2 protein chains.
Amino acid sequence: MALENPTLQTPVTTADKVFQRMLHAIVEGHIPAGSKISEPELAKQYQISRSTLREALNRLEKCHLIERKPNIGSKVVECSIEGLLEIYVVRESLEGMACRQAAMYMTDREISEMKDILTQHASMQALKEGTAYYQEEGDLDFHYKVILGSHNQQLINILCGQLYHLVRMYRCQFGMNSPRASKAFEEHSRIIEAIADRDGELAEILMRRHIAASRKNIENKIAEKNSNTH
Amino acid sequence: MALENPTLQTPVTTADKVFQRMLHAIVEGHIPAGSKISEPELAKQYQISRSTLREALNRLEKCHLIERKPNIGSKVVECSIEGLLEIYVVRESLEGMACRQAAMYMTDREISEMKDILTQHASMQALKEGTAYYQEEGDLDFHYKVILGSHNQQLINILCGQLYHLVRMYRCQFGMNSPRASKAFEEHSRIIEAIADRDGELAEILMRRHIAASRKNIENKIAEKNSNTH
DNA sequence: ATTTTTTAAATTGTCGACAATATAGTGGGT
DNA sequence: ACCCACTATATTGTCGACAATTTAAAAAAT
């Protein structure tokens with residue numbers, strides 16, 4: 001049931017497989033954020049040559065999950081509050097636009113599919129047992145569908161191909177994300193309504209508010225924490 | 001005077017140098033859009049091994065200038081009208097947000113520097129001899145400064161590190177871009193005013209209109225061309 | 001003549017080794 | 001004891017060769 005990133009190709013080459021394994025390892029923190037990557041060590045660990053490992057590293061770099069400096073090496077990206085807020089700013093603008101485009105270009109079939117997904121989420125939430133699921137994968141499901149609905153390959157690449165790996169990484173590592181389950185669900189419903197009405201302008205505004213609310217929620221938590229220590 | 005892409009590092013490794021040479025070659029069309037890339041042939045041409053060529057190809061892929069399919073090979077991206085319009089949509093949202101952030105976070109020094117640049121452009125335009133320059137590099141200068149002024153690393157990476165290579169490629173290959181010199185200059189001035197006033201909301205709106213106007217200008221040209229053939 | 005099979009050539013993916021650069025450790029000087 | 005220069009070690013960048021896969025061409029069958 002847990003939906004994967006829709007832009008993830010089925011791995012065909014061994015470098016692909018190692019890339020996906022490392023992707024999960026980094027997102028879930030098994031390879032710690034900020035840690036240096038030793039090519040010889042990892043190559044031995046995955047039982048592959050250094051060349052194919054470097055191929056995998058290149059793809060991780062494409063997702064902005066690692067950073068490489070010439071003649072120095074690769075490091076897993078750090079997870080900072082500032083970095084998280086930066087991502088929310090980008091998401092607000094890009095997903096807002098994706099939502100506007102989705103209202104224009106989504107097929108009726110795609111819209112009804114999205115409604116179905118939301119209904120599923122609703123029943124899970126009603127049972128009060130899928131809350132965690134909705135917060136995690138369910139929320140991603142919804143956002144993925146909207147992004148794909150834009151039918152804009154650039155938007156899809158940037159959001160699903162790069163940014164959302166980082167989003168998942170932050171969610172795993174910080175844990176404290178999207179603690180607004182019921183509100184978020186309500187907002188998702190309104191967004192779908194706007195898309196179904198083909199009201200792109202409203203859809204964009206609602207999506208931007210939805211993401212901005214999450215960002216402000218985090219900013220508040222930070223402010224709280226800071227005021228507690230003083 | 002012609003400003004380069006601000007995120008382009010000074011090349012240190014040979015793969016870097018080949019990457020930059022190929023970058024220019026693709027942007028300027030010396031390596032034709034849509035053409036297949038033969039690794040052995042290019043490696044011989046640049047006098048390097050296939051491994052380092054592949055390293056360069058990976059970076060080109062990161063900029064979305066080439067596309068790779070496993071076991072099949074690399075192709076230079078095609079330049080289609082639809083692709084160009086997609087980029088404008090992304091730019092409208094991202095640069096709009098960058099402009100909003102710039103109004104919040106640009107330093108006074110950065111703002112005055114940007115005013116200086118615009119004054120330079122103004123004198124060139126008045127002399128009626130720098131029109132071409134302003135349309136090409138001058139316009140990019142301005143947009144680069146705004147993007148950097150957002151002080152948001154994610155925005156900077158996506159726009160300067162990836163999207164703007166494609167923008168330059170389309171400008172070179174289609175030629176018919178930003179034919180709105182005087183209007184564009186006027187719009188740039190208003191945007192800087194809004195940033196200097198620290199009015200993020202207005203700055204975003206103006207930037208979005210500025211880019212949307214370019215997009216509509218292109219859409220109109222296409223529509224014209226189509227109606228002429230009928 | 002057209003389509004399918006088989007075979008040969010070319011291209012991409014992967015490997016291990018060497019060269020260039022950076023890091024760590026040692027010794028000498030103040 | 002501290003700082004600098006030098007040496008040794010380890011890591012990254014680059015290379016050429018081999019294996020796996022795809023593409024092209026040739027042969028066989030209908």
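Proteins get letters first, then strands, A, B, ... in listed order; numbering begins at 1 in each. The structure presented is a predicted model; accordingly, all values stated were derived computationally and were not measured.
- Of the candidates C:dA22, C:dC15, D:dC15, C:dC15 carries the atom nearest the A:Thr52 side chain, counting heavy atoms from C-beta on.
- Checking D:dG13, D:dT21, C:dC15 against the side-chain heavy atoms of B:Asn71 singles out D:dT21 as nearest.
- When heavy atoms are screened at a 4.0 angstrom cut-off, A:Ile37 is found touching the sugar-phosphate backbone but no base atom.
- At least one side-chain nitrogen or oxygen of B:Ser49 sits closer than 4.0 Å to the OP1 or OP2 atom of D:dC15.
- Look at B:Arg54 and you'll find a side-chain N or O under 4.0 angstrom from OP1 or OP2 of C:dG13.
- In the set C:dT12, D:dT22, D:dG13, the nucleotide with an atom closest to the side chain of B:Arg50 is C:dT12.
- Side-chain N/O atoms of A:Thr14 include one lying less than 4.0 angstrom from OP1 or OP2 on C:dT14.
- For A:Ser51, no side-chain nitrogen or oxygen approaches OP1 or OP2 of C:dG13 to under 4.0 Å.
- Of the side-chain N and O atoms in A:Arg68, none sit less than 4.0 angstrom from OP1 or OP2 of D:dT11.
- Taking the six-membered ring where the residue is Trp, the centroids of A:His188 and A:His210 are separated by under 6.0 Å.
- Among all heavy-atom pairs drawn from A:Ala103 and A:Ala203, the shortest one is CB-CB, 4.4 Å.
- In this model, the phosphate group of D:dT12 is approached by a side-chain N or O of A:Lys36 to a distance below 4.0 Å at OP1 or OP2.
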